[in-house]
Amino acid sequence: MSADRILTAILTRADTGARVAVMAGAAAMVAVVSAQVVMRYVFNGSFDWADEVSRIAFVWTMFLAIPLGVRDGTHVGIDLVVKLLPVPQRRMLARIMSALAATMMLVVLVTSVWVALSTWSERLGSIDMTSSVFFFPVILGALHGALHLAHLTLVPAEIKP
């Protein structure tokens with residue numbers, strides 16, 4: 001089995017897991033924020049943990065969704081000058097930029113692991129949980145994104161003339 005097929009199989013599974021996690025995170029945000037609104041304006045009370053839980057869900061949702069955007073090529077890019085290049089040069093530039101971006105994602109991954117380990121003993125204010133929980137989706141998203149970018153380096157997306 002070739003490296004490309006193995007990487008494609010890994011990414012297919014990771015994409016499915018990320019998609020499910022993004023939907024669950026979005027659903028959790030809606031549920032928690034809606035319940036908090038009802039508690040505040042109907043019952044004149046609130047959940048102490050609602051703000052932190054909704055913020056955690058937001059961070060998880062956003063950072064796990066980033067690699068899905070990388071996969072689809074839906075992130076913002078400026079290609080005004082690049083479109084002037086011939087297709088072979090555009091293809092080569094796309095591979096170089098994907099390799100550089102994959103390297104940057106690996107730097108983010110290593111740094112996020114270091115920061116998560118450094119802040120492991122810090123606790124969140126309203127729930128008894130490590131504050132490193134905010135770095136877990138960054139770690140997973142950086143790894144997932146780096147894999148997508150490595151895949152784009154090996155097998156570039158189709159470039160239209």
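None of the values given here were measured: they were computed from a predicted structure.
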Q) Is there side-chain contact between W49 and L124, with heavy atoms separated by less than 4.5 Å? A) no
**Q.** From M29 atom CE to W60 atom CH2, the distance as rounded to the nearest 0.5 Å
**A.** 13.5 Å
(Q) Tell me the closest heavy-atom pair linking M39 and F47, and the distance in Å. (A) CG-CE1, 3.4 Å
Q) For the atom pair OG1 (T119) and CH2 (W114), what is the distance rounded to the nearest 0.5 Å? A) 9.5 Å
Q: For M97, look at atom CE and say whether over 12 heavy atoms of other residues, nucleotides or ligands are found less than 6.0 Å away.
A: no
Q: Measure the shortest side-chain to side-chain distance between F63 and I66 over non-hydrogen atoms and say whether it is less than 4.5 angstrom.
A: yes
Q.
Within this structure, what is the CZ-CG distance for the pair R71 and D15, rounded to the nearest 0.5 Å?
A. 4.5 Å
**Q.** L7 side chain reached by L147 side chain, heavy atoms, under 4.5 Å
**A.** yes
Q | Gap between atom OG1 of T153 and atom NE2 of H151 - 0.5 Å precision | A | 10.0 Å
(Q) Is the shortest side-chain heavy-atom distance between L109 and M105 below 4.5 Å? (A) no
Q) Under a 4.5 Å cut-off applied to non-hydrogen side-chain atoms, are I6 and I10 in contact? A) yes
Q) Is R95 reaching over with its side chain to a backbone N or O of L152, donor-acceptor style, under 3.5 angstrom? A) no
Q: Give a yes or no on whether F136 atom CZ has more than 12 heavy-atom contacts from other residues, nucleotides or ligands under 6.0 Å away.
A: yes
Q. Side chain of R40, backbone of G45: donor and acceptor closer than 3.5 Å?
A. no
Q. Does atom CE of M104 have more than 12 heavy-atom neighbours, drawn from other residues, nucleotides or ligands, at distances under 6.0 Å?
A. no
(Q) Quick check for you: to the nearest 0.5 Å, what is the distance between L11 atom CG and R13 atom CZ? (A) 11.0 Å
Q. What closest approach, in Å, do V59 and P137 show between heavy atoms, and which atom pair accounts for it?
A. CG1-CG, 3.8 Å
Q) Is it the case that one hydrophobic cluster holds both V32 and V42, taking links as side-chain heavy atoms less than 4.5 Å apart, direct or via other members? A) yes
Q. Taking all atoms of both residues into account, what is the closest heavy-atom pair of T61 and V22, and its distance?
A. O-CG2, 3.7 Å
**Q.** Side-chain donor or acceptor of Q36 paired with backbone N/O of A50 under 3.5 Å
**A.** no
Q | Atom of G141, atom of L64 and distance for their closest heavy-atom approach | A | N-CD2, 4.3 Å
**Q.** Backbone N/O of V33 and side chain of S54: donor-acceptor pair under 3.5 Å
**A.** no
Q. To the nearest 0.5 Å, what is the distance between CZ (R123) and OG (S132)?
A. 9.0 Å
Q: Identify the heavy atoms of I139 and A116 that sit nearest to each other, and give their distance.
A: CD1-CB, 4.1 Å
Q) What closest approach, in Å, do H148 and P67 show between heavy atoms, and which atom pair accounts for it? A) CD2-O, 3.6 Å
